[in-house]
Structures are given as structure tokens and as C-alpha cells.
Amino acid sequence: MNHVPQRTTQRMNFWKDGLRLLCVRLDNLGDVLMTTPAFRALKTTWPAAHLTLLTSSAGAAIAKFIPEIDQVISFDVPWVAGQQQQPDQVIDLGNRLRSHQFDAAIVFTVQSQNPLPAAMLCYLAGIPRVLGYCRENPYQLMTDWVPDPEILVATRHEVIRQLELVREIGCHTTNRSLSLTRSIADQQRVRQQLTTAGLDLQRPWLVLHPGVSEEKRRYPAEQFVQALLPLMQDSGYQVVLTGSKSEQSLTSQIQHQLTGRAVDLAGQLSLGELAALLAEAPLLIANNTGPVHMAAALGTPVVVLYAKTNPQHTPWQVPSRVLYFDVPMALRSKNKLLQQFPEPAEPTASLETIVRAVHDLMAQWQPIA
């Protein structure tokens, strides 16, 4: 006779439909998108569960396009890079979470992150059950501790990592695609912008998103230009540049080097309009950054210039080419876990591999009727 361990039995007796769950995902837009299959698993298994997402301001921006999320709380915590908060603001957040009277929390982290600050926040908020990965024993901070099997380097895709976490509480889904909705209104506005800018949707075109939040993950602008020029001159590709307002100088520089024959929409699109553009686009070229995961959610092929950090963030379930490049020594993370990268990381990014990847992925493209 098989005996189920007592702790497993207690876990399964607690986690059930109808709970008010706090889903903690405190990092970036792309990380939130890669967690959406896990959100779907929760909602598929427990349709009456109420999911509140605690996330960064960047994560909150995309959350309204994720149908599995019922409510969003936005806060940029001080233990995520680039955020500045005072101690009393973090205490206020804990009190705010306490007022929601959550039944349980699930802490979603990448392999290189420490979940204990988020677990402590849940503890101070009086949330009685907390599920998450942790390398060391978290004791009372995490009632439902899953020992993290990924220690020195990530061995699973981020999507799989989070799906396997919620499987610990009995949640499953057969649909493992990323979740992202878009509106007809955004689609119509984007088509009008492209037409006004002179883009011919009956000819080959692609989107280039050259920016990224971390300098170490940025492929050099001049190398993007060197790859795009032959595509435009020899194969007639049209290029649409995208980015935030803060990236307008970067996209303007690239547009100028492309002799003005690219359409620059940086700083002109809402997040919903960017999603609509990526859904329309035959192809996206980008660094390893949030729009790559938006494109993957929308089924748009991707060529990603991939810095050797966080190997688990490649495009999910979409035609893609991943071209690797080294992070400059001066920019490498102080986090030892992010200094590990599985080798050989091939093919490497170059003018030739970018051009070949574009041609490979565009081979089956047909213009919109």
C-alpha cells in the first residue's frame, strides 16, 4: 500500500477552489508573461479562485492584458534592481496586503532570485500559507516550501519552472501558451499609423526593438544596422522601429544610419498598440526583452539577440532563432548564479547569422489579404 507523506496530504487538503490567492511576481514584464501558463493552470483547476497579482509597475502595465488575473497590486520592491523605496513604504505595503485577507500566496521567482524577502512580506501581511521555491529551509516564512533544484544554473525554461511549482498544489493545464489579449481598436489604430507612415503591408517588413532595460543585454546598435542594411537593400525589407520614449535617441540613431528608410514609432505606442503591432508583424528582431515574450504570446516569429545571462528566457512556443553574444566583462552581474551559462551557446550573433535567421523565418510569410 502506498503511503502519501503527511506534509503532502496536509498541503493538498488546504489548497482548493475558491481561495483568495496572492500571486507574487515582482520583476519584469516578460517574467509576468512567462508566468501566465501557471496562472492559467490555477484558473483551470480552480475556476472560483480569485487571483491578485502583486508585481512591479512594469509587470502591472501588462497585467491588464492577462485575462487570468482578477486584480493587480503594483509596487516596486527595493530588492529588485533599480528600485528605490523607503522602509515605511514597504511596511505600508504589508499592511495593505493584510487588509485583503488573502488565504494564501504563491511566490514566483527566477532561479537566480532569493524568494525570502517576498516570503517575509507575506509573513508580515499575515498570509497563512505561502508556496514557493527556496534553496535553503525558509522555516515559518514559507509553509509550502519546494526545495529549488536549480542551484548554479537554470535547467528548465521559466514557463516550465512555474508550471511545476503550481503542480505541487495540484494545478494543471493542457494549454501552455503565453496569455496576452489585444483589442480591435488598438489593431485599427496601428494599421492606420503604418499606412500613414507609408508602409506597404503587401511587401516584406519586420519590427526591430533595439532597446532593453539592462545594458548588459543590449546588442550594439551599429551591428543591428549592419544586419538590416543588406536586408533592406537586397531583399526589399521595410523596417519599423519600436521602443519607449527613453529609447527614442537610440531608435533615431538607427533610423538615421538606415538613411531614413525605416519607420520610427518609438515613444508613440501604448502597450496595447505595441501588442497589436507585434500581432500584425511578420517578424520581430530584438534583444532578450519583454516584447520578445509579447511576440511569443501572439504567435509572431522572433529573432532574438541573446546575451549570455538567464538562459531560461528564450522565446516560448513560437518559431524563433536565438543568436548568442557575450556580456562584456565590465557589465557582468555580481550575482554568481547569473555568471553561469550553459555552453556551447550557439549559434553566435553576427551579421551573417541575423540575415540568415530572418530569411529562414520569413520563408513562409504571406501578405495580409
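Residue numbers count from 1 along this sequence. Quantities reported herein were computed from a predicted structural model and do not represent experimental measurements.
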How far does [atom1] of [X] sit from [atom2] of [Y], to the nearest 0.5 angstrom?
X      : Y      : atom1 : atom2 : result
Cys171 : Leu42  : SG    : CG    : 4.5 Å
Cys23  : Leu54  : SG    : CG    : 10.0 Å
Asp27  : Met34  : CG    : CE    : 8.0 Å
Asp186 : Ser270 : CG    : OG    : 5.0 Å
Leu206 : Leu228 : CG    : CG    : 6.5 Å
Asp92  : Phe75  : CG    : CZ    : 8.0 Å

Among all residues two or more places apart in sequence or in another chain, which pass the side-chain hydrogen bond (donor to acceptor under 3.5 Å, both in side chains) test with [X]?
X      : answer
Gln364 : none
Asp148 : Arg161
Thr195 : none
Asp326 : Lys308

Are the side chain of [X] and the backbone of [Y] linked by a donor-acceptor contact shorter than 3.5 Å?
X      : Y      : result
Tyr306 : Ala349 : no
Thr251 : Leu241 : no
Thr36  : Ser179 : yes
Glu247 : Ser244 : yes
Gln248 : Ala266 : yes
Asn310 : Gln312 : no

Find out whether [X] and [Y] are in side-chain contact, i.e. whether some heavy atom of one side chain is under 4.5 Å from a heavy atom of the other.
X      : Y      : result
Trp15  : Arg129 : yes
Arg167 : Leu163 : no
Pro115 : Met142 : yes
Trp205 : Asp200 : no

Show the nearest heavy-atom pair for residues [X] and [Y], with the distance to one decimal.
X      : Y      : answer
Ala61  : Leu271 : O-CD2, 3.3 Å
Ala275 : Leu298 : O-CD1, 3.2 Å
Leu201 : Trp365 : O-CZ2, 3.8 Å
Pro128 : Phe102 : CD-O, 3.5 Å

Q.
Starting from Val153 and following side-chain heavy-atom contacts under 4.5 Å between hydrophobic residues (I, L, V, M, F, W, Y), which residues can be reached?
A.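 Noted: Val153 shares its cluster with no other residue.
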Q | Side-chain cluster (under 4.5 Å, hydrophobic types only) that Ile91 belongs to, other residues | A |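 Cluster partners of Ile91: none, it stands alone.
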Q | More than 12 heavy atoms from other groups under 6.0 Å of CD on Gln140 | A |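 Open.
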**Q.** Arg176 CZ: over 12 foreign heavy atoms closer than 6.0 Å
**A.**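 No.
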Q) Which pairs, with at least one residue in residues 28-46 and sequence neighbours excluded, count as a salt bridge (Lys or Arg N to Asp or Glu O under 4.0 Å)? A)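 Non-adjacent pairs meeting salt bridge (Lys or Arg N to Asp or Glu O under 4.0 Å): Arg25-Asp31, Arg40-Glu68, Lys43-Asp70.
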Q.
Determine whether Leu284 and Val304 satisfy the following criterion, side-chain contact (heavy atoms from CB on, under 4.5 Å), listing intermediate values before the conclusion.
A. CA-CA 8 Å; Leu284 170 68; Val304 56; over 6 Å; no
(Q) Going by ring-ring contact (aromatic ring centres under 6.0 Å, His included), name the pairs with one or both residues in residues 147-172, residues two or more places apart or in two chains. (A)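 For residues 147-172, and leaving out neighbouring residues, the ring-ring contact (aromatic ring centres under 6.0 Å, His included) pairs sorted by first residue read His157-Trp316.
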Q: For residues 103-131, pull every pair meeting ring-ring contact (aromatic ring centres under 6.0 Å, His included), keeping only residues two or more places apart or in separate chains.
A: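 Matches after skipping sequence neighbours: Phe39-Phe108.
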Q.
Determine whether Ser249 and Gln253 satisfy the following criterion, side chain to side chain donor-acceptor pair (under 3.5 Å), listing intermediate values before the conclusion.
A. CA-CA 6 Å; Ser249 61; Gln253 171 194 347; over 6 Å; no
**Q.** Same apolar cluster: Val24 and Leu124, side chain cutoff 4.5 Å
**A.**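 The answer is no; the residues belong to distinct hydrophobic clusters.
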Sorted by first residue and then second, give each side-chain hydrogen bond (donor to acceptor under 3.5 Å, both in side chains) pair with at least one member in [range]; sequence neighbours left out.
range            : value
residues 94-104  : none
residues 277-291 : Gln187-Glu280, Arg191-Glu280
residues 208-234 : His209-Thr242, Ser213-Arg217, Glu214-Arg217, Tyr219-Gln223

Q | Verdict with reasoning, Thr35 to Gln162, per side chain to side chain donor-acceptor pair (under 3.5 Å) | A | CA-CA 6 Å; Thr35 313; Gln162 308 311 340; 5.3 Å; no
